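Below is one structure, written out as structure tokens, with a few remarks after it.
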Amino acid sequence: MPNGQWYPPEWPERIRALAAGEITAVTPRRAATVMLLRDDHAGLQGPEVHMLRRQASMAFAAGAYVYPGGGVDPRDDNRPVGWAGPGRDVWASRLGVDAASAQAIVCAAVRETFEEAGVLLAGETPGTVVGDTTGDDWEADRAALVRHELSFADLLDRRGLVLRSDLLGAWARWITPEFEPRRYDTWFFVAALPTGQRTRNASTEADRTVWISPAAAIEAYDKGDLLMMPPTVSTLRALTAYGSAAEALAAAADDAAAGGPDLTPVLATARLVDGELVLSWPGHDEFTKRVDPVGTGAATPPGADASARPGGGPR
């Protein structure tokens, strides 16, 4: 049974066009996404993660299950921001960028979690977190952020809050393939749902939200019931190793040399092998696709029997 890997039918044509010099790779936008965790209350082992299903009308990853996230706001690069937890230089070293970019990426992670899930990782002091954020006044501020009428720094200033960078852990970094027309350089973070706050579907880009254990999400993906992109599948598989949100956050505190998550950027590559286009993500063999050389857009994972299909070509 095929799994639920998101695979746009236009990829083979775009891969060929890029190789032929007919299109130019788009510079990826910086982005951040957050795996928001809570410890399961139904007696199951391990944490649950908050996921959104993108609306079928979306141009990018329509119907796919994702985490709250989005692009960096350039206004957050250099503007002073109320900050608590590890400093910008610490985050710059962890994320592999300069201090200004690190600030903007962390701000994007916190802002997008508020915009799309209604959860705000900020407090009045370095040791506190705001409570319920579902009131009308909070909703007005959230909507103003979405419309770009309010910057994240403005929100923090207005409410006398500091961003709690210590509530985030860096987890992974994936870059959209060069042949995609919409490209993102995305840092994945992990965080625990703060006490007193609750998630809601606040995103206009999603038609459904769920709390689901990483293991259950992976099982549904493997059965083809949930559509996901490779970065989502990879990070979910990694989360299955942890018995609680606290364990996952503790793991994210270490760098790769100390056994923590590896933030080396993952970028898909396409190459021609024996007349077939092979699409692969380095270090993640399960996502490798052998693409139909005739250009039908069909693809199949490695190991499938091409001779059993009509025409014997790969899908």
Side-chain angles (χ1 to χ4, degrees), residues 30-39 47-52 66-73 76-77 81-130 133 145 152-153 155-156 161-174 184-197 199 214 231-232 234-236 238-239 242 244-256 258-263 265:
R30 297 172 300 167
T33 189
V34 176
M35 300 178 289
L36 191 62
L37 304 177
R38 72 177 184 186
D39 289 323
E48 295 176 314
V49 61
H50 181 69
M51 303 191 75
L52 302 77
V66 298
Y67 312 118
V72 164
D73 184 344
D76 292 331
D77 276 63
V81 174
W83 195 277
R88 297 159 183 78
D89 290 341
V90 174
W91 279 107
S93 176
R94 186 76 177 96
L95 301 179
V97 296
D98 57 69
S101 295
Q103 172 177 295
I105 293 163
V106 172
C107 282
V110 177
R111 174 179 48 77
E112 288 288 339
T113 304
F114 181 50
E115 286 186 11
E116 298 200 333
V119 171
L120 184 60
L121 304 176
E124 294 182 357
T125 67
T128 62
V129 185
V130 296
T133 59
L145 282 175
F152 189 62
L155 172 68
L156 296 177
L161 301 174
V162 292
L163 178 154
R164 290 287 306 275
S165 81
D166 56 317
L167 299 182
L168 285 170
W171 197 265
R173 181 182 178 184
W174 288 66
Y184 301 92
D185 185 352
T186 304
W187 283 262
F188 286 70
F189 295 85
V190 64
L193 178 68
T195 302
Q197 294 194 40
T199 57
T232 312
S234 173
T235 50
L236 282 171
L239 284 175
Y242 302 98
S244 68
E247 284 185 17
L249 278 165
D254 294 327
D255 59 26
D262 185 0
L263 266 68

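Not measured: the values here are computed from a predicted model. Along the sequence shown, residues are numbered consecutively beginning with 1.
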**Item:** Centroid-centroid distance, Tyr242 to Trp171, less than 6.0 Å
**Value:** yes
**Item:** Check: Leu163 and Val106 side chains under 4.5 Å, non-hydrogen atoms
**Value:** yes
**Request:** Any pair with a residue in residues 118-129 that passes side-chain hydrogen bond (donor to acceptor under 3.5 Å, both in side chains), sequence neighbours left out, goes on the list, sorted by first then second residue, please.
**Result:** Thr125-Thr128
**Message:** Ignoring hydrogens, what is the shortest heavy-atom contact between Ala245 and Pro47? Give both atom names and the distance.
**Reply:** N-CB, 3.8 Å
**Message:** Give me the atom names and distance for the closest heavy-atom approach of Ala252 to Pro261.
**Reply:** CA-CD, 3.8 Å
**Message:** Nearest 0.5 Å, please: how far is CZ in Arg173 from CD1 in Ile105?
**Reply:** 7.0 Å
Mind listing the side-chain donor-acceptor pairs of residues 186-196 below 3.5 Å, one per line with the distance, residues two or more places apart or on another chain?
residue: Trp187; atom: NE1; partner: Leu95; partner atom: O; Å: 3.1

**Request:** Enter the distance from Glu112:CD to Thr33:OG1 here, rounded to the nearest 0.5 Å.
**Result:** 8.5 Å
**Request:** Taking the side chain as every heavy atom from C-beta outward, state whether Leu37 and Leu239 have any atom pair closer than 4.5 Å.
**Result:** yes
**Message:** Looking at every heavy atom in both Val130 and Gln197, which two are closest together, and how far apart are they?
**Reply:** O-NE2, 3.1 Å
**Residue from Val81, Asp73, Val72 passing side chain to side chain contact (heavy atoms under 4.5 Å, CB included) with Cys107** = Val81
**Spatial distance of atom CE (Met35) from atom CG (Leu249) [nearest 0.5 Å]** = 9.5 Å
**Message:** Just to verify, what does Asp98 make a salt bridge (charged side-chain N to carboxylate O under 4.0 Å, His left out) with, not counting sequence neighbours?
**Reply:** none
**Prompt:** If every non-hydrogen atom of Gly71 is compared with every non-hydrogen atom of Ala108, which pair is closest and at what distance?
**Reply:** O-CB, 4.1 Å
**Fill in**
Closest heavy-atom pair, Ser165 versus Trp83, reported as atoms and distance to 0.1 Å, is OG-NE1, 3.5 Å
Exercise answer: donor-acceptor pairs, residues 114-122 side-chain atoms, under 3.5 Å, sequence neighbours excluded:
residue: Glu115; atom: OE2; partner: Arg111; partner atom: NH1; Å: 3.3
residue: Glu116; atom: OE1; partner: Gly69; partner atom: N; Å: 3.0

**Prompt:** side chain to side chain contact (heavy atoms under 4.5 Å, CB included) with Pro126: which residues, sequence neighbours excluded?
**Reply:** Ala84
**Asked** Would Thr199 and Arg38 satisfy side chain to side chain contact (heavy atoms under 4.5 Å, CB included), going step by step from the backbone distance to the final call?
**Response** CA-CA 11 Å; Thr199 57; Arg38 72 177 184 186; 5.8 Å; no
**Prompt:** Roughly how far, to the nearest 0.5 Å, is CG of Leu36 from OH of Tyr67?
**Reply:** 11.5 Å
**Prompt:** Mind checking what makes salt bridge (charged side-chain N to carboxylate O under 4.0 Å, His left out) contact with Arg30, not counting sequence neighbours?
**Reply:** Asp77
